[in-house]
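Notes for the one structure printed next.
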Amino acid sequence: MQSPEKPRVFSGIQPSGGLHIGNYLGAIRNWVRNQDQYDNIFCIVDLHAITLPQDPAALRENTLDLAAIYLASGIKPEQAMFIQSHVSAHAELAWVFECFTPIGWLERMTQFKDRTARQGRERIGAGVLTYPSLMAADIMLYDAEYVPVGEDQRQHIEYTRDIGQRINQRYGNILVIPEPLIQKAGAEIKGLDDPEKKMSKSLAADSPGHAIFMLDPPDLIRKKLARAQTDAEPAVRFPAGPGVRNLLEIYRTIKQLDWPAVEREFEGKPYSALKSAVADGVIEVLAPIQQRYREIRSDDAALLEQLRGAADRLTPVANATLHRVQEAVGLR
Ligand code: TYM
């Protein structure tokens, strides 16, 4: 699991519902593509998921689903893939970070501001505020150097660096300060129904046309794309509006093309041609993942055993960092 010659990567996704193509193109796909370059740890962050209300049975199901999707997407079984709550050091280190974090830092986080604006401070749990401290613990417990994520996580990684540096300044260099790895293509896929907003699981709950989910059947993918918002123009023109740009961004990320190439390919074409090319591309990528996903989910016992085994192997690694911090602070 530990290969000191390769830099360590840590990343995670919340098992808070179906994954959409933003999660795939912004995160998982890059993990898969670059996995041989790094010493990887991929986490299913169930403790983060409970910052919002979760049905217990659905949370268990989503946790296994997420593990199956990691593997079905091409994460090799020998990579360390585990469930966050199986390694108790995450919650323990998060507590220490919370105690060293000014409340103002957390209140300034975009995610916290969005949630409180939408729901009000009385209706969301304190975990939404302290969420970044747990994420910082996830990353720094394993001395990860790189964190491959989508654009929306940049601020959380900046916080991770800030709290890490604060502890290091006070107690000597006991934590490795990580860097985000954010790709140019696919880092911020927008909603199909509203290209001003990031594609997100929570917005998809209110609007079925918002997101394409990784397990959506092909006809539904075509239907959602056919309804995706475009411009008032009769055909693709550049500079394109946000809806068309988003469709082209999905296409170019999947096909690994640069902007001039997609502009050449679609300039003057009707929107229907663009939408059906995007649908073909998305279906081509997702169909084999869906097939493998079903195979993997047909043996949950094996999947859970793999997840438990990884957590057991990671526990001493995580504890070493936790103990270093606890000693520095005077807890040991
Ligand atoms: P989560 O579960 O919201 O999203 C998982 C990953 O998907 C990326 N992503 C997107 N990328 C492109 N376009 C989009 N519309 C889009 N929506 C989501 C996210 O950037 C992320 O990479 N806080 C994290 C989970 C986490 C974590 C960590 C990540 C917990 N601990 C430690 C890295 C390291 C989150 O909520 O991701």
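Both ligands and their constituent atoms are indexed starting at 1 by order of listing. Side chains included, hydrogens not; waters and symmetry mates left out as well; all remaining heavy atoms used.
The salt bridge (charged side-chain N to carboxylate O under 4.0 Å, His left out) analysis of residues 223-237, with sequence neighbours excluded, yields the pairs Asp216-Lys224.
Around CD of Glu305, the count of heavy atoms belonging to other residues, nucleotides or ligands within 6.0 Å does not exceed 12.
For ligand 1, the 4.0 Å heavy-atom shell contains residues Phe10, Ser11, Gly12, Ile13, Gln14, His20, Gly22, Asn23, Gly26, Ala27, Val45, His48, Tyr131, Met135, Asp138, Ile139, Val147, Val149, Gly150, Asp152, Gln153, Gly186, Ala187, Glu188, Ile189, Lys198, Met199, Lys201.
Leu47 and Trp95 sit in two unconnected hydrophobic clusters of ILVMFWY residues. Membership requires side-chain heavy atoms under 4.5 Å apart, directly or through other members.
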List the atom pairs, donor and acceptor, that lie under 3.5 Å between side-chain atoms in residues 124-142 and the rest of the protein, sequence neighbours left out.
from: Thr130; atom 1: OG1; to: Ala126; atom 2: O; distance (Å): 3.4
from: Tyr131; atom 1: OH; to: Gln14; atom 2: NE2; distance (Å): 2.9
from: Ser133; atom 1: OG; to: Tyr159; atom 2: OH; distance (Å): 2.9
from: Asp138; atom 1: OD1; to: Gln84; atom 2: NE2; distance (Å): 2.9
from: Asp138; atom 1: OD1; to: His90; atom 2: ND1; distance (Å): 2.8
from: Asp138; atom 1: OD2; to: Gln84; atom 2: NE2; distance (Å): 3.2
from: Tyr142; atom 1: OH; to: His90; atom 2: NE2; distance (Å): 2.9

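Between Glu158 and Arg161, none of the side-chain N atoms (NZ, or NE/NH1/NH2) sits under 4.0 Å from a carboxylate O, so this pair counts as no salt bridge.
Apart from Ile50 itself, the hydrophobic cluster it occupies contains Leu59, where clustering links Ile, Leu, Val, Met, Phe, Trp and Tyr at side-chain heavy-atom distances under 4.5 Å.
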